[in-house]
Amino acid sequence: MSFTVEPLSASNIGCHLDTATVLALHGLYVFPEVDSTNAWALQQGVCGDVCLAEQQSAGRGRRGRQWQSPWGANIYLSLRWCFTPVPEHLPLLSLVTGLAVADALEDCAIHGHGLKWPNDVYYDGKKLGGILLEAVGSQAHVVIGIGLNVNMLPEAGAVIDQPWTSLQQISGQSVDRNAVVAAILQRLVRRLQDFPCLDMAQFQQDWQQRDLLQGREVQVHSGRESLQGLASGVDHCGQLRIILHDGSIKNLSSAEVSVRLGM
Ligand code: BTN
């Protein structure tokens, strides 16, 4: 497999964006290296700013984990977005972001991926990308961080402690990151603009189409509790719905879920 590095470029990304997306965004910043694009957007960004980096020295994952961020291979993207007023269904935003990423991958001719609640992107039982939302103060300002494995070589990802894959592995060729970034921004901005008036029925339907856990026997660790049951979609707050073996239903807002995801 050949590996050529096409640098991230704000002007190249801009060429792929439609006018509505350009108008909705403020600045598009591409750095050779930052500690974390989320940290940059939290500390220095304003509403509508997008931060991208070729490399992160302290990429942040969910639950305080590190996000491996080798140079020139992947997408590390953060968008600062502001809501006034703050929608009461804000907890759904991370799931909605996952839907935007999944749709953007389809736009880039990638098929067969899905979402593992709450917002991991998976393909063939391997992690392809992750999403980390961080709020500023009142939650009116949210930083949406997206990490996507694009052209990462096996050596660079050797330290990752779970099965992973990349767009290059899926498609068999090196993938233009600028085009993928533009596709993500277009899908994401559209979903963010619609978010205050979210159509709940449509959201549930969109989620069902991407939900890799639906109908699977899962093991869930939530705090000190460990439960087993059947995953059965999400409720109106984005909580994972589990049907336990005694038939009762449990809704979980935060949990580690394990399941075999081979498709
Ligand atoms: C996860 O643990 O699955 C979420 C990973 C999120 C990583 C992205 S990379 C861009 C942004 N900047 C960060 O420091 N983290 C997010």
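Values below: every heavy atom of this structure, side chains too, minus hydrogens, waters and symmetry copies. Note that ligands are numbered from 1 as they come in the structure, with each ligand's atoms numbered from 1 the same way.
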Transitively linked via ILVMFWY side-chain contacts under 4.5 Å: W40 with L52? no
L77 neighbourhood, listing ligand 1 atoms whose heavy-atom distance to it stays under 4.0 Å: 10 (C)
Residues R210, H113; criterion side chain to side chain contact (heavy atoms under 4.5 Å, CB included); working and verdict: CA-CA 8 Å; R210 299 287 184 197; H113 53 282; 3.8 Å; yes
Has ligand 1 got any nitrogen or oxygen that is less than 3.5 angstrom from a nitrogen or oxygen of S36? yes
Looking only at non-hydrogen atoms, the one of E134, R60, R62 nearest atom 1 (C) of ligand 1 is R62
In this structure, is the centre-to-centre distance between the rings of F203 and H89 below 6.0 Å? no
Taking non-hydrogen atoms only, is I131 closer than 4.0 angstrom to ligand 1 via side chain, backbone, both or neither? backbone
Which of the numbered atoms in ligand 1 are under 4.0 angstrom from any heavy atom belonging to D120? 3 (O)
Please list, in number order, the atoms of ligand 1 under 4.0 Å from a heavy atom of K127. 1 (C), 3 (O)
Just checking, is any N or O donor in the side chain of S78 or N38 under 3.5 Å from an acceptor N or O on the other one? yes
I need the contact type for R65 against ligand 1. Using non-hydrogen atoms and a strict under-4.0 Å cut-off, is it side chain, backbone, both or neither? neither
Look at R62 together with E134 and state whether they make a salt bridge at an N to O cut-off of under 4.0 Å. no
Check: Q228/H245 side-chain N/O donor and acceptor closer than 3.5 Å: no
Can you sort out which atoms of ligand 1 are near G130, meaning under 4.0 Å from one of its heavy atoms? 3 (O), 4 (C), 5 (C), 6 (C)
Could you identify the single nearest non-hydrogen protein atom to atom 10 (C) of ligand 1 and state the distance to 0.1 Å? T37 OG1, 3.2 Å
Which ligand 1 atoms are under 4.0 Å away from a heavy-atom of I146? 8 (C), 9 (S), 10 (C)
Nearest-contact summary for atom 8 (C) of ligand 1 - protein heavy atom, Å: G147 N, 3.5 Å
Using a plain distance cutoff, I'd like to know if W67 has any nitrogen or oxygen under 3.5 Å from a nitrogen or oxygen of ligand 1. no
Under 3.5 Å, is there a donor-acceptor pair linking the side chains of S248 and D246? yes
Answer yes if the ring centres of W67 and Y76 are under 6.0 angstrom apart, and no otherwise. no
Atoms in ligand 1 flagged as close to G59, the criterion being non-hydrogen separation under 4.0 Å: 14 (O)
Under a 3.5 Å threshold, yes or no: a donor from one side chain and an acceptor from the other, between Q214 and S232? no
